[in-house]
Amino acid sequence: MRVHDNPALTAACADASSVIPVFVLDPWFMSPDRVGVNRVRFLLESLKDLDENLKAKGSKLLVIHGDPTRVIPAALREWQCTRLCFEKDTEPYALKRDTAVLELAKKLNIEVHSPSSHTLYDLELLLAKCPKKEPPTAYSSFLKIASSLGSVPKPEPTLSTIPVLIDSGDSKYLSKDVSSLVEMLGSCATGHGIPSLEQLGYPSLEITEGFPARGGETEGLRRLRATLGQKNYVAEFKKPSTNPTQLWSRLTEAFGGSSSGGTKMNPFEAAKKNSSVKTEPNDNVTLNELMAPATTALSPYMKFGCVSARTFYWELHDLLNNELKGKHSKPPESLEGQLLWREFYYLCAFGTKNFDKMEGNRICRQIPWTWDEERLVAWEQGKTGFPWIDASMHQLKQEGWMHHLSRHAVACFLTRGDLFVHWEAGAAVFDRDLVDADYALNNGNWMWLSCSCFFYQYFRVYGPVSFGKKWDKNGDYVRKYLPQLKNMPAKFVYEPWLAPIEVQRKAGCVVGVDYPHPMVDHATASKECIEKLASAYKAHKEGKGREIKAVGSKRKLGE
DNA sequence: TTAGAGTTGATTTT
DNA sequence: AAAATCAACTCTAA
């Protein structure tokens, strides 16, 4: 979804008289049951931006709706293409899809290029370096394997022009009317052009709703460079200590704090009135950065390929090796470390069969999770009765985004911490609703949080009351996403059931009426979960892990 | 076999 | 704010 560092585009343009940039809108990724509105909107915005960026280079984007395994071969035939170029994709669905396309292209005697640039390294090269071709499940081992491949490949130079989309000669295959190109594909294509959300069966979104950053390469690169321009932020970045409740707190700081009583100004409104506001003397940031959460929020751009991981890596590297030399955080916690975590999970996902499942997954602990629908729905809908958990789930539903540590908190709560529900159920909800949902990262992190792989200290449980409170004493984050708790005194905002009834009435939030009772007693529930984990781990040690099965049956999203 | 490390715990003590 | 304590997991390297 970009024109920078795009080796497939470069390969397509080399010695070509005419290049047709195509994006196929696969109905598989467009179903409201499986894909949340925020991610689809981000995709559509990214397509619009890609089209504009191609236009600036003398070309344009052709968007075809349909099954890629039918549309692409039909297009190759109709347009008499001699070469097909696309980015390598290592997800199971993509591998199946691309193999089918590749075989048909072979039959048509078409030259195919499928270079790797979505990850820092070509995953096949990384996997070849792994003992027994099995990816390590420890980050430190991964770092050694990665460094054995030498430095990360440099980004592909950006092309200044792209050979014409339409042949000037009046070829019957390259009509001047692009839409007729699609009509030639017949029944394969169900439409063309960039659709609206409504056309895809989604409700339209107000601009103030959803993930606050707009999709696209242009905005992604701007955001990347704005991030790297904040030198102190980059130098000191340590992921585990970033604040999951921070949404506009930097802005709040700029206005002298809001939680210490007095008249509370809406920081967003205030900033609009004071466009000259700066957080730090040398910090020339826009409103967008002032509104930024504690992490970079670049993940959706990485997921869609709006921003190249290699571009991110090398621009970061230049900064770390020059201006910030010797005075910056380091992997695994640093910003560079985050890019390497992504790479780590991509390698694990690529090298592990059934990476998105417990059963048949070589690296995943077998644990007797339940598919308790009632518990799952309460969690999914943010009705657990724990404000910190519920606020996070409401943020997910509304915006399609949560801070990494909020994801930890809700994932731990659903699985090994409190509810003992199958991690696959939680992963499916994240996969549907997150703007940055990513097969490798999502499933990998769910295994991590559920102590199924990568992380095994199951006795370390996040507190559904204590964890959020650590950063946000006043509960501003909770109040934002759970307005019914807006007037609850800070003392009770994380555990409203402890408030005396007259306090609840005064706050306009009576537990059991306006907000649910906590669905479990955390102390009891977590103790029971730890015991279950201990017993499953014991069975694993004794070689009896395979006898363990989940309880109940897998849910189908959308039902 | 064993010591030490492991991006992101909670709580109490210093 | 940092360290100790709680209990005790796996993986890696020696």
Side-chain angles (χ1 to χ4, degrees), chain A residues 130-132 134-148 234-246 293-296 299 328-345 347-348 352 362-367 386 388-389 392 402-413 415-418 441 444-473 494-495 521-543 545:
Chain A
C130 300
K132 291 201 283 177
E134 288 179 353
T137 55
Y139 185 72
S140 53
S141 307
F142 163 78
L143 289 184
K144 280 172 201 157
I145 287 163
S147 65
S148 77
V234 174
E236 289 160 18
F237 189 90
K238 285 187 178 172
K239 184 75 162 281
S241 48
T242 54
N243 178 355
T245 63
Q246 177 181 316
T295 45
T296 67
S299 52
H328 57 80
S329 56
K330 290 189 174 53
E333 296 175 325
S334 66
L335 221 44
E336 182 189 7
Q338 305 313 308
L339 288 170
L340 293 164
W341 276 108
R342 176 175 180 269
E343 197 79 1
F344 169 68
Y345 280 132
L347 176 62
C348 287
T352 309
R362 183 177 58 81
I363 63 173
C364 184
R365 283 295 159 90
Q366 305 299 300
I367 294 162
F386 290 94
W388 159 239
I389 300 296
S392 299
M402 271 195 259
H403 183 279
H404 181 66
L405 291 177
S406 303
R407 302 182 195 196
H408 274 224
V410 300
C412 180
F413 185 84
T415 59
R416 68 180 170 88
D418 292 86
L441 277 56
N445 275 313
W446 274 93
M447 278 191 267
W448 180 295
L449 262 303
S450 61
C451 285
S452 299
C453 189
F454 311 116
F455 179 79
Y456 311 92
Q457 288 164 264
Y458 54 74
F459 42 86
R460 288 193 179 172
V461 177
Y462 292 96
V465 170
S466 56
F467 193 57
K469 201 191 262 180
K470 188 162 63 184
W471 284 278
D472 183 10
K473 286 271 178 301
Y494 285 94
E495 35 197 347
D521 174 62
H522 172 65
T524 317
S526 61
K527 196 164 166 272
E528 285 171 7
C529 283
I530 288 170
E531 283 164 9
K532 284 179 190 163
L533 264 293
S535 145
Y537 269 43
K538 187 161 170 274
H540 171 80
K541 253 189 188 169
E542 293 166 356

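None of these values were measured; they are calculated from a predicted model. Chain letters run A, B, ... following the sequence lines, proteins first and then strands; every chain starts at 1.
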> What are the two closest non-hydrogen atoms of A:Ile363 and A:Phe454, and how far apart are they?
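In terms of heavy atoms, the two residues are closest at CD1-CZ, 4.0 Å.
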> Find the distance A:Ile530:CD1 to B:dG9:P and express it as a whole number of Å.
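Going from CD1 in A:Ile530 over to P in B:dG9 covers 13 Å.
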> In terms of side-chain heavy atoms, does A:Thr242 have a donor or acceptor partner in A:His403 at a distance below 3.5 Å?
yes
> Mind checking if A:Gly337 touches a base, just sugar-phosphate, or nothing, with heavy atoms under 4.0 Å?
nothing
> Provide the Watson-Crick or G-U wobble partner of B:dG4, both distances under 3.5 Å; none if there is no partner.
C:dC11
> Determine the interatomic distance between C1' on B:dG6 and the same-named atom on C:dA8; round to the nearest Å.
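Going atom to atom, C1' in each nucleotide, I get 13 Å.
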> Can you tell me, in whole Å, how much space there is between the P of C:dA1 and that of B:dT7?
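Nearest-Å result for C:dA1 against B:dT7 at atom P: 26 Å.
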> Would you check if the side chain of A:Asn445 reaches a backbone N or O of A:Leu441 as a donor-acceptor pair within less than 3.5 Å?
yes
> Go ahead and name the base partner of C:dA3; Watson-Crick or wobble counts if both distances stay under 3.5 Å, otherwise write none.
B:dT12
> Out of A:Tyr462, A:Phe386, A:Trp388, which residue meets the ring-ring contact (aromatic ring centres under 6.0 Å, His included) rule with A:Phe413?
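For A:Phe413, the ring-ring contact (aromatic ring centres under 6.0 Å, His included) test succeeds with only one of A:Tyr462, A:Phe386, A:Trp388, which is A:Phe386.
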> For the pair made of CD in A:Glu495 and P in B:dA10, what is the distance, rounded to whole Å?
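It works out to 13 Å between those atoms.
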> Could you check whether A:Trp471 gets within reach of a base, just the sugar-phosphate, or nothing at all, counting any heavy atom under 4.0 Å?
nothing
> Atom pairs under 3.5 Å, N or O on each side, protein against nucleotides 7-14 of chain C: can you list them with distances?
| from | atom 1 | to | atom 2 | distance (Å) |
| --- | --- | --- | --- | --- |
| C:dA13 | OP1 | A:Lys144 | NZ | 2.5 |

> Could you state the interatomic distance from NZ (A:Lys469) to OH (A:Tyr494), rounded to the nearest 0.5 Å?
8.0 Å
> Whole Å only: how far is the CD atom of A:Glu343 from the P atom of B:dT7?
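Taking atom P of B:dT7 as the reference, CD of A:Glu343 is at 17 Å.
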> Just wondering, are more than 12 heavy atoms of other shown residues or ligands nearer than 6.0 Å to NZ in A:Lys532?
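Counting neighbours around NZ of A:Lys532, more than 12 heavy atoms of other residues, nucleotides or ligands fall under 6.0 Å, so yes.
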> With a non-hydrogen cut-off below 4.0 angstrom, is A:Lys238 in contact with a base, only sugar-phosphate, or nothing?
nothing
> Could you tell me the separation between the NE2 atom of A:His522 and the C1' atom of B:dT11, rounded to a whole number of Å?
12 Å
> Quote, to the nearest angstrom, the P distance that separates C:dA3 from B:dA5.
15 Å
> So, do A:Tyr139 and B:dT7 meet the stacking rule of ring centres under 5.5 Å and planes under 30°?
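Stacking is absent between B:dT7 and A:Tyr139, given that the ring centres and planes do not meet under 5.5 Å and under 30°.
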> Looking at every strand, decide which applies to A:Phe455 at a 4.0 Å heavy-atom threshold: base, sugar-phosphate, or nothing.
nothing
> Quick one: OG on A:Ser526 to CZ on A:Arg460, what's the gap to the nearest 0.5 Å?
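Between A:Ser526 OG and A:Arg460 CZ, I get 15.0 Å after rounding to 0.5 Å.
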> Rounded to the Å, how far apart are A:Glu333 CD and B:dA5 P?
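It works out to 15 Å between those atoms.
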> For C:dA4 and B:dG4, measure between their P atoms and round to the nearest Å.
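Roughly 16 Å separates the two P atoms.
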